[in-house]
J.: 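After the structure tokens below, expect a handful of questions from me.
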Amino acid sequence: MLQLSFIRENKELTIKGLKKKLFKNPEQIIEDLLAIDSKRRETQSLLDGTLAKANAISKEVGNLMKAGKKEEAEAIKLETLELKGKSKDLMNSLAEYETKMTELLYQIPNLPHESVPEGRTPEDNEVVFESERAKKLPEMSADALPQWELIKKYDIIDFDLGIKIAGAGFPVYKGKGARLQRALVNFFLDEASKAGYTEMQPPIVVNEASGYGTGQLPDKEGQMYFIQADGLYLIPTAEVPITNLYRDVILKADELPIKNVGFTPCFRREAGSWGAHVRGLNRLHQFDKVEIVQITKAEDSYNTHKIMCDYVASLLEKLELPFRILRLCGGDISFGAALCYDFEVYSAAQKRWLEVSSVSNFETFQTNRLKLRYKDESGKMQLLHTLNGSALALPRILAALLENNQTADGINLPKAIWEYTGFEKI
RNA sequence: GGAGAGGUGCCUGAGUGGUUAAAGGAGCAGUUUGCUAAACUGUCACCGGGUAACUGGUGCAUGGGUUCGAAUCCCAUCCUCUCCGCCA
């Protein structure tokens, strides 16, 4: 969430940013917030004074008791009665103000970076890069099959079996399909290691505090699977556990930047977002993803964002997939991100661009909730910046590989993963 | 799941109702020094007030309670460890 002190000092800037993010009526919420904030601070001062008095009396009582002056002690005990009542009232209203402020702060999204374009829908996103392969898109013959036909033809993924044992959106990968998926995961992890990321295998369930830490809660409550009996959420992305490893942590400057990579299955209820156009691998309730996460000093984060984007691009080049990079507009960018670049690969038979990665800079939005900080050179506590990106999400990569590389006698896999698959063709 | 022990700052760790988050260590900063080391000094976090020096408050797993006063006593919850049971 945004820092209260920032909002206090940059009211107009905040409102302007919220407008870009299409936040409804930002003036109102900021006014409310600041009004409560000033009441809160006033109350805090009153409470502090009252408690200071009470503390002084307690001390005095202690001294008198020690000195054996019981009557005098009893006499001043009475003075505390009024103070007690007063401080209790003040504490209650203080708690009330704090609850209200937190509620409001949780509703406010991150402010967009200045480079984020104005816009409302995905059409307003800005194409900032097209790969060489994207500039001359592959032409498929008229009988080219979309991924959902190819997986049947080669019997590598079975949706009906998944429906039988779990439900729609939980596919079963079979044979070469399973092997290809595992190969891609290993390929992505190895590449990340080479790029200096430390591999992490986190739990794939998290507690409520972690959900709040990275911003899935309370914003996206209904999108996560929830295990009632234990109060745990199935993770929608490895970002959640891996970033939360650093909740309530004060890092040392020489530990930065933190670079972690993790492979996990990801679970998304996708409540309300299923439509007729969503077929096969395009949208699933469970899918595999390799995620890279970085934690940097504030002044480094935008450079890091670029480096992470270049890294993701390098993966797509190695997989020989045509791709483009979009800078998401204010209306399309996610709640917590200040800047987000989406990577889309072209899936030639569907003739569609499929999102396979988002690389985002959250600035201090997550670290403020996480209380993830470091001490700078002058000894001051500073919030760090968090970034993450998919590198990569598996199903749509699979879809594009299948579609783009289909031939009359099989699907030719890119050279980069042969050593991982053990076969060159499906 | 059963029984027991425990949860204090970056770490170790004292503290069973009365100034204080003891004391030691690490790290960092400053002083001293030709350099390094050593020594000395400072240094927990959060919320307020103040231009600032400084200052008030809060925090001993979490939430309540008792008391003039709680790390300390009471209740509930969470977590960790040991043994037993179960188990990949």
Side-chain angles (χ1 to χ4, degrees), chain A residues 1-9 33-105 201-213 217 227-233 241 244-256 258 265 295 297 364 367-384:
Chain A
M1 58 190 165
L2 297 179
Q3 287 169 272
L4 188 58
S5 55
F6 177 89
I7 299 177
R8 220 185 270 150
E9 287 155 27
L33 189 67
L34 293 179
I36 296 169
D37 176 46
S38 87
K39 274 196 213 155
R40 183 196 119 249
R41 285 192 284 169
E42 201 180 298
T43 310
Q44 174 88 55
S45 288
L46 286 173
L47 175 63
D48 288 354
T50 311
L51 290 174
K53 267 188 220 163
N55 288 343
I57 292 174
S58 289
K59 218 174 270 185
E60 185 60 22
V61 170
N63 289 337
L64 289 171
M65 297 286 264
K66 257 187 201 166
K69 299 178 184 169
K70 276 204 168 160
E71 303 83 52
E72 286 180 48
E74 289 302 327
I76 61 170
K77 267 190 197 180
L78 297 174
E79 292 179 36
T80 63
L81 284 176
E82 191 197 345
L83 292 175
K84 261 181 123 176
K86 197 172 160 193
S87 60
K88 193 153 202 176
D89 289 347
L90 288 168
M91 268 183 219
N92 286 339
S93 34
L94 191 65
E96 205 175 294
Y97 293 140
E98 278 168 0
T99 307
K100 269 191 203 157
M101 276 196 343
T102 310
E103 262 170 36
L104 290 176
L105 280 171
Q201 282 190 22
I204 60 170
V205 293
V206 292
N207 55 26
E208 190 182 34
S210 300
Y212 275 95
L217 293 175
I227 303 166
Q228 190 82 40
D230 300 291
L232 296 170
Y233 294 86
N244 271 282
L245 297 174
Y246 301 90
R247 176 151 43 84
D248 294 319
V249 168
I250 298 169
L251 290 167
K252 297 192 177 108
D254 63 11
E255 293 177 287
L256 297 166
I258 299 281
I295 299 168
K297 294 181 190 174
T364 60
T367 55
N368 189 32
R369 293 186 179 193
L370 292 163
K371 298 194 176 58
L372 166 52
R373 296 159 292 171
Y374 84 109
K375 261 187 195 170
D376 68 14
E377 296 69 25
S378 62
K380 263 185 73 180
M381 283 292 181
Q382 302 284 355
L383 288 173
L384 290 159

J.: May I have the distance from Leu251(A) (atom CG) to A45(B) (atom C1'), rounded to whole angstrom?
T.: 15 Å

J.: Side chain to side chain contact (heavy atoms under 4.5 Å, CB included) with Arg373(A): which of Thr367(A), Leu384(A), Leu383(A)?
T.: Leu383(A)

J.: Rounded to the nearest 0.5 Å, what's the gap from CG on Leu4(A) to CG on Leu34(A)? Could you check?
T.: 7.0 Å

J.: Among the candidates C46(B), G57(B), C68(B), find the nucleotide nearest to the side-chain atoms of Asn55(A).
T.: G57(B)

J.: Find the distance Leu46(A):CG to G48(B):C1' and express it as a whole number of Å.
T.: 11 Å

J.: Please round to the nearest 0.5 Å and tell me the distance separating atom CD of Glu74(A) and atom CE of Met65(A).
T.: 6.5 Å

J.: Lys375(A) side chain: which of C44(B), C46(B), G56(B) is closest?
T.: C44(B)

J.: Does the structure show a Watson-Crick or G-U wobble partner for G63(B), both distances under 3.5 Å? Name it, or say none.
T.: C75(B)

J.: Return whichever of Gly49(A) or Leu81(A) has its heavy-atom-nearest nucleotide of RNA chain B closer to the 5' end.
T.: Gly49(A)

J.: Which base, if any, makes a Watson-Crick or G-U wobble pair with A39(B), both distances under 3.5 Å?
T.: U31(B)

J.: How many Å lie between NZ on Lys84(A) and C1' on A70(B), as a whole number?
T.: 12 Å

J.: How close or far is atom P of U20(B) from atom CG of Asn63(A), stated in whole angstroms?
T.: 11 Å

J.: Just compare U19(B), G48(B), A45(B) and give me whichever is closest to any side-chain atom of Arg40(A).
T.: G48(B)

J.: Suppose we define a pair by two distances each less than 3.5 Å, Watson-Crick or G-U wobble; what does G48(B) pair with here?
T.: U55(B)

J.: For the C1' atoms, the ones on A52(B) and on C68(B), what distance do you get once it is rounded to whole angstrom?
T.: 37 Å

J.: For atom P, what is the distance between G57(B) and G69(B), given to the nearest Å?
T.: 15 Å

J.: Is Leu51(A) touching bases, backbone alone, or none of the nucleic acid, heavy atoms closer than 4.0 Å?
T.: sugar-phosphate

J.: Going through the distances and angles, do Arg40(A) and Asp37(A) end up as a salt bridge (Lys or Arg N to Asp or Glu O under 4.0 Å)?
T.: CA-CA 5 Å; Arg40(A) 183 196 119 249; Asp37(A) 176 46; 2.6 Å; yes

J.: I'd like to know if the side chain of Asn55(A) pairs up with that of Ser58(A) as donor and acceptor (distance under 3.5 Å, no hydrogens or angles considered).
T.: no

J.: Quantified in whole Å, what is the C1' atom distance between nucleotide A38(B) and nucleotide A45(B)?
T.: 32 Å

J.: Sort out the partner of G18(B) for me: Watson-Crick or G-U wobble, both distances under 3.5 Å, none otherwise.
T.: C68(B)

J.: So, under a plain 3.5 Å distance rule, would you say the side chain of Asp48(A) forms a donor-acceptor pair with the base of G57(B)?
T.: no

J.: Whole angstroms only, please: what is the NZ-C1' distance between Lys88(A) and U67(B)?
T.: 13 Å

J.: Can you check the distance between A61(B) and G13(B), where both ends of the measurement are the P atom (answer in whole Å)?
T.: 15 Å

J.: If you check every side-chain atom of Lys59(A), which of U19(B), G48(B), G27(B) has the closest atom?
T.: U19(B)

J.: What's the gap between U19(B) and C78(B) when it is taken at their P atoms, as a whole Å value?
T.: 35 Å

J.: Can you identify which nucleotide, out of G56(B), G49(B), C68(B), has its nearest atom closest to the Val61(A) side chain?
T.: C68(B)

J.: Where the side chain of Ser45(A) is concerned, which of G48(B), G18(B), G65(B) is the nearest nucleotide?
T.: G48(B)

J.: Flag yes if more than 12 heavy atoms outside Lys39(A) fall under 6.0 Å of its NZ atom; otherwise flag no.
T.: no

J.: Any chance the side chains of Gln44(A) and Asp48(A) put a donor and an acceptor closer than 3.5 Å?
T.: yes

J.: Please report the distance separating the C1' of U33(B) from the corresponding atom of C46(B), rounded so that it comes out in whole Å.
T.: 39 Å

J.: Would you please confirm or rule out a distance under 4.0 Å between OP1 or OP2 of C47(B) and any side-chain N or O of Arg41(A)?
T.: no

J.: Between Arg373(A) and A45(B), does any side-chain N or O lie under 4.0 Å from OP1 or OP2?
T.: no

J.: Mapping Lys53(A) and Glu42(A) to their closest nucleotides on RNA chain B, which lands nearer the 5' end?
T.: Glu42(A)

J.: Whole Å only: how far is the CG atom of Leu78(A) from the P atom of G69(B)?
T.: 13 Å

J.: Atom OH of Tyr374(A) and atom P of G27(B): how far apart are they, to the nearest Å?
T.: 21 Å

J.: When the distance from CD of Glu98(A) to P of G59(B) is rounded to whole Å, what number comes out?
T.: 13 Å

J.: When you compare G18(B) with A71(B), how far apart are their P atoms, in angstrom units rounded to a whole number?
T.: 11 Å

J.: How long is the span from the CG atom in Leu370(A) to the OH atom in Tyr246(A), to the nearest 0.5 Å?
T.: 11.5 Å

J.: Name the pairing partner of U12(B), where a pair is Watson-Crick or G-U wobble with both distances under 3.5 Å, or state none.
T.: A23(B)

J.: Which value, in whole Å, describes the distance between the P atoms of nucleotides C86(B) and A22(B)?
T.: 47 Å

J.: Of the listed nucleotides (G65(B), C68(B), U19(B)), which one gets closest to any side-chain atom of Lys77(A)?
T.: C68(B)

J.: Searching all strands shown, indicate the nucleotide that pairs with U80(B) (Watson-Crick or G-U wobble; both distances under 3.5 Å).
T.: A5(B)

